[in-house]
Colleague: 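First the structure, then my questions, so here it is.
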Amino acid sequence: MTTLVAELSAIAGSAFAAEGLSAGFGQVQPSDRPDLAQFQCNGALAAAKQTRADPRRIAQKIADRLKADPVFARIEIAGPGFINLDVTDAALAVRMGAMAKDATLGAPRSGAGKTAVVDFGGPNVAKPMHVGHLRSAIIGDCLQRLFRANAWTVVSDVHLGDWGLQMGQLIGEIGRRSTAPVYFEAGFEGPYPEESPVTMDDLEEIYPVAAAACKADPGRLEEARRATAELQAGRPGYVALWRHFVEVSESGLRREYASLGIGFDLWNGEASVDPLVGPMIEDLKRRGLAEESDGALVVRVAEPGDKKDMPPLILLKSDGAVLYGTTDLATIVDRVKTCDPDLILYVVDQRQHGHFEQVFRAARKARLNGKAELEHAGFGTMNGADGKPFKTRAGGVMKLYDLIAMTTEEAKKRLAEAGLAKEYPEDERNDIARKVGIAALKFADLSNYRLTDYVFDLARFTRFEGKTGPYLQYAAVRIQSILRKAQAQDMAPAARSILQTPEERALILQLLALPDAMAAAEGKRAPNILCDYAFTLAQIFSRFYSEHHILSEKDAALRAARLGLAGLTLAALTKVLDLLGIEIPQRM
RNA sequence: GCACCGGUAGCUCAGUUGGAUAGAGCACCAGACUACGAAUCUGGGGGCCGCGGGUUCGAAUCCUGCCCGGUGCGCCA
């Protein structure tokens, strides 16, 4: 199923072709001036520029050809050469009927036969998740949902940070405290205890202490580096201790992501590719791609046309330890081997851009990436209301857990104020508050363009009027309520619409644009396009809703048609909210 | 110093191959609940699109030079 604008573009394209012009000029888009027309084609202007002809003349020729097609109700040339187009109500009704029958609502098939690995999350072992992890989680999850909906085979990977210096820092600190001496005994033959010597709470306390000590004292840093290198070299006690860190952290992380409704196909970490690192390095050395530089082993990635310095990717530090660039490279090898993706998408902070550029260049230079395109979809940093990196009122880092608790609490307060869920059981009220709070959080994040830094403003996020997640939930809940009442009165919706008013036409046009929004959002890896779509849809429906009463409509056919329209709106809204990772309560 | 990302209404942000009168939300002002849920809807005011130059019939968008903010640039992740 192609979309309406694609269909119109094809028609206009062949009109241009028939005039000996490129079919590309036929691109049709929703009108910038809805008061003048439903759609517009600007191709005559572009064509005129290229051929140095009169744009209105070209527009006239195209318009004359388009008149042959019955899909158009009105064709008009305006201004310097815009072609304004209206589609017949019958054509709209037919396409709406087709959309209603399609379970995917006409979703694009842009990923059919293709596989994408989406790498996001990237939490570190032994560190609690904080607000800084929110964007990767929310944006990455939205993209994995979107790509799946667009027929991609998606493999998402949380890519835990579990193999770097922070591991050595933890080991060093625990060694100093002598709370688990068995892991440090040189001659110990095992087995090591099953039970972890540290809890997640312990790790959360130990890590900052260790990190601060390493920062303050070069001796401690050296110690941590040595421990990291020994861990990576396979020292049994360290490996055993490390396993505990990972297990303890991972169960906590799974819970946190689950509370946001986010899941991953793979819970791999940097360490999981460790066995591949040695052979990969040997291979790169043998092919002359890896060379020694200042005691480290590097891959040079600078290219002749570079406008900036491009430092080499360091594979091995002078002490023999690997860096995250090394594991990232080995992870590409692993992914190519296990799922042979067409695309590997990294949803990671934009500040990592330089790093990924290095890794990608190294991978391409060594042809490690198979057929996969490597792409970094970065995002801006999240700041506090003062424009500086976000902190709690006390000046500390805000944990994700606390943040979710706060928004949920705020949502509960709002429900109480509005007197909305008064008679609902407490369980349901809590569930609604959770869904509303998370919707507010996710929508506020996703509606910003990915690359702009955004201000984390709890007061603004928990406001539920206007362009917010809860507004969309509310719109959906109202429709659900109407449909429930209709069903109770045995009123059936009709698939075929009866178009009578501007509000209905506007609604149908927006519904038919869903696949275009999904395709555009995928192309730009831009969830904010979906947010805009959903908000506009809800707004248009609300207008329709306030203008036309549905259930009390006397004309049964008209009533059924409007129910059908409401039903399709709900389906589209539910779909987009699902892509955004937002749940809709039964009632609220 | 070099590079990357931003600069659009009082605030937070959109703006699709360059196109018609630059759009939302919040805030402000004025309206709409004895009909389907008012967390809603309708209307209004509010803009040298950071600044200058250039390309074009036409620029928030492309090129160029500045200014401001953020970030990154060899052994952290």
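Naming: A, B, ... by sequence-line order, numbering from 1 per chain. Keep in mind that this is a model prediction, so the values were computed, not measured.
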Colleague: Are A:Tyr545 and B:rC36 stacked, counting the six-membered base ring, centres under 5.5 Å, planes under 30°?
Modeller: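 Aromatic stack with B:rC36 present for A:Tyr545.
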Colleague: How far apart are the C-alpha atoms of A:Lys127 and A:Leu170, what are their side-chain angles, what is the distance that settles it, and do they pass the side chain to side chain contact (heavy atoms under 4.5 Å, CB included) test?
Modeller: CA-CA 11 Å; A:Lys127 291 197 234 179; A:Leu170 284 169; over 6 Å; no
Colleague: What residues from residues 530-540 of chain A pass a heavy-atom cutoff of under 4.0 Å to RNA chain B?
Modeller: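 Listed by number, they are A:Asp532, A:Phe535, A:Gln539.
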Colleague: For A:Lys215, give me all partners under salt bridge (charged side-chain N to carboxylate O under 4.0 Å, His left out), at least two apart in sequence or on another chain.
Modeller: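 Residues passing salt bridge (charged side-chain N to carboxylate O under 4.0 Å, His left out) with A:Lys215: none at all.
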Colleague: Determine the stems involving RNA chain B; a stem requires 3 or more consecutive pairs of the Watson-Crick or G-U wobble kind, each with both distances below 3.5 Å, and the answer is none if no such run exists.
Modeller: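 B:1-7 with B:67-73, B:10-13 with B:23-26, B:28-32 with B:40-44, B:50-54 with B:62-66 - these are the stems of 3 or more pairs that involve RNA chain B.
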Colleague: Could you work out, with salt bridge (charged side-chain N to carboxylate O under 4.0 Å, His left out) as the rule, every residue matching A:Arg57, not counting sequence neighbours?
Modeller: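 So A:Arg57 forms no salt bridge (charged side-chain N to carboxylate O under 4.0 Å, His left out) with any residue.
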Colleague: NA contact type, A:Leu36, heavy-atom cut-off 4.0 Å: base, sugar-phosphate, or nothing?
Modeller: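 A:Leu36: base contact, heavy atoms under 4.0 Å.
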Colleague: Would you mind checking if A:Glu357 and A:Arg361 are paired as a salt bridge, meaning a charged N to carboxylate O distance below 4.0 Å?
Modeller: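 Between A:Glu357 and A:Arg361 there is a salt bridge, with a charged N closer than 4.0 Å to a carboxylate O.
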Colleague: Residues in side-chain contact (heavy atoms from CB on, under 4.5 Å) with A:Ala302, at least two apart?
Modeller: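 For A:Ala302, the residues satisfying side-chain contact (heavy atoms from CB on, under 4.5 Å) (neighbours in sequence not counted) are A:Asp306, A:Met310.
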Colleague: NA contact type, A:Leu323, heavy-atom cut-off 4.0 Å: base, sugar-phosphate, or nothing?
Modeller: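 Sugar-phosphate contact only.
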Colleague: Describe the nucleic acid contact of A:Asn84 in one word from base, sugar-phosphate, nothing, applying a heavy-atom distance below 4.0 Å.
Modeller: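 Base, at least one base heavy atom under 4.0 Å.
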Colleague: Base, sugar-phosphate alone, or nothing: which one does A:His353 contact when heavy atoms must sit under 4.0 Å apart?
Modeller: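 No contact at all - A:His353 keeps every heavy atom at 4.0 Å or more from the nucleic acid.
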Colleague: With heavy atoms under 4.0 Å as the rule, sort A:Asp54 into base, sugar-phosphate or nothing.
Modeller: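 The answer is nothing, as A:Asp54 stays clear of every strand by at least 4.0 Å.
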Colleague: Enumerate the residues from residues 209-217 of chain A whose closest heavy atom to RNA chain B is under 4.0 Å, giving them by residue number; use none for an empty result.
Modeller: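 Listed by number, there are none.
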